[in-house]
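The first residue in the sequence is number 1, and the count goes up from there.
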Amino acid sequence: MKVIVNFMGPLGIFIGQKKVEFQLDDGATYGDLLREIGRRFGDMLPEKVWDRERNAFKGRLLVIGAGRDLQEPDTPLLDNEDIKFLPMIAGG
């Protein structure tokens with residue numbers, strides 16, 4: 001299955017790409033996607049952003065798939081799903 005990930009804001013800068021296509025096994029989950037992000041880009045992401053042991057983002061991050069928020073690692077992904085990773089940045 002294929003999913004398209006859009007890394008918004010500084011995430012795209014860290015990995016050098018804003019839009020990345022991932023080929024995953026049929027029936028892949030959000031957790032599978034996070035593991036693949038870690039495999040491909042984990043070394044490029046700063047420690048304050050990426051937990052290398054857990055294969056997970058740190059801090060506040062909004063992950064939006066096809067009309068839904070993705071939070072739980074066991075959430076199934078949809079083929080050709082367009083997923084946006086949006087860091088929540090506070091400021092004023």
Side-chain angles (χ1 to χ4, degrees):
M1 72 184 298
K2 174 179 80 171
V3 295
I4 307 296
V5 174
N6 295 281
F7 293 103
M8 312 302 279
L11 295 178
I13 294 168
F14 293 141
I15 66 166
Q17 302 177 65
K18 291 185 179 183
K19 185 179 265 190
V20 180
E21 182 176 306
F22 289 87
Q23 290 293 331
L24 303 170
D25 292 336
D26 287 344
T29 64
Y30 176 54
D32 295 327
L33 175 60
L34 289 175
R35 282 186 286 281
E36 186 61 16
I37 289 170
R39 188 185 73 74
R40 287 175 61 179
F41 303 113
D43 290 341
M44 298 176 189
L45 294 166
E47 191 172 315
K48 67 180 179 179
V49 172
W50 183 254
D51 184 331
R52 287 170 178 77
E53 290 181 24
R54 292 180 37 237
N55 276 319
F57 286 97
K58 295 179 179 179
R60 294 175 33 94
L61 187 74
L62 181 61
V63 184
I64 302 171
R68 62 197 177 133
D69 292 347
L70 297 173
Q71 295 178 4
E72 299 300 322
D74 60 348
T75 302
L77 300 177
L78 305 172
D79 192 26
N80 291 311
E81 189 163 12
D82 190 2
I83 301 169
K84 293 175 178 57
F85 283 79
L86 303 138
M88 304 299 285
I89 301 172

Problem - Asp74, CG: over 12 other non-hydrogen atoms inside 6.0 angstrom - result: yes

Practice task
Sequence neighbours left out, what passes side chain to side chain contact (heavy atoms under 4.5 Å, CB included) with Leu62? Give chain and number order.
Solution key: Ile64, Asp69, Leu86, Met88

Problem - side chain to side chain contact (heavy atoms under 4.5 Å, CB included) partners for Pro73, two or more places apart - result: none

Practice task
Verify, without hydrogens or angle tests, whether Asp51 (side chain) and Arg54 (backbone) share a donor-acceptor contact under 3.5 angstrom.
Solution key: yes

Problem - Other residues, nucleotides, ligands: >12 heavy atoms within 6.0 Å of Lys18 NZ - result: no

Fill in the blank from the handout: Sequence neighbours excluded, the answer for side chain to side chain contact (heavy atoms under 4.5 Å, CB included) partners of Asn80 is Lys2

Handout entry: Arg68 vs Thr75, side chain to side chain contact (heavy atoms under 4.5 Å, CB included): CA-CA, chis, key distance, verdict
Key = CA-CA 11 Å; Arg68 62 197 177 133; Thr75 302; 3.4 Å; yes

Practice task
Sequence neighbours left out, what passes side-chain hydrogen bond (donor to acceptor under 3.5 Å, both in side chains) with Asp79? Give chain and number order.
Solution key: none

Practice task
Give the cluster check for Met44 versus Val5: same hydrophobic cluster or not, with ILVMFWY residues linked at side-chain heavy-atom distances below 4.5 Å.
Solution key: yes

Handout entry: Shortest non-hydrogen contact from Ile37 toward Phe85
Key = CD1-CZ, 3.8 Å

Problem - Distance, nearest 0.5 Å, that separates CG of Asn55 from CG of Leu33 - result: 10.5 Å

Practice task
Measure the shortest side-chain to side-chain distance between Lys19 and Ile4 over non-hydrogen atoms and say whether it is less than 4.5 angstrom.
Solution key: yes

Exercise for the section: Output, in order, the C-alpha distance, side-chain angles, deciding distance and verdict of side chain to side chain contact (heavy atoms under 4.5 Å, CB included) for Leu45 and Ile15. Expected result: CA-CA 7 Å; Leu45 294 166; Ile15 66 166; 3.9 Å; yes

Handout entry: Asp82 side chain reached by Asn6 side chain, heavy atoms, under 4.5 Å
Key = yes

Exercise for the section: Report yes if some heavy atom in the side chain of Phe41 is under 4.5 Å from a heavy atom in the side chain of Gln17; otherwise report no. Expected result: yes

Fill in the blank from the handout: Minimal heavy-atom distance between Phe57 and Leu11, with the atoms involved, is CE2-CD2, 3.9 Å

Practice task
Using side chain to side chain contact (heavy atoms under 4.5 Å, CB included) as the criterion, point out the one residue from Leu61, Thr29, Leu77, Leu34 that pairs with Leu70.
Solution key: Leu77

Exercise for the section: Evaluate side chain to side chain contact (heavy atoms under 4.5 Å, CB included) for Ile13 paired with Phe7, printing each intermediate quantity in order. Expected result: CA-CA 8 Å; Ile13 294 168; Phe7 293 103; over 6 Å; no

Practice task
For atom CD of Glu21, decide whether the heavy atoms of other residues, nucleotides or ligands shown that lie under 6.0 angstrom number more than 12.
Solution key: yes

Problem - Those residues that, when tested against Ala66, pass side chain to side chain contact (heavy atoms under 4.5 Å, CB included) (two or more places apart) - result: Leu78, Glu81

Handout entry: Chi angles and distances behind the side chain to side chain contact (heavy atoms under 4.5 Å, CB included) call for Phe22, Arg40
Key = CA-CA 10 Å; Phe22 289 87; Arg40 287 175 61 179; 3.4 Å; yes

Exercise for the section: Taking the side chain as every heavy atom from C-beta outward, state whether Glu36 and Leu24 have any pair of such atoms under 4.5 Å apart. Expected result: yes

Handout entry: Contacts of type salt bridge (charged side-chain N to carboxylate O under 4.0 Å, His left out), residue Arg52, not counting sequence neighbours
Key = none

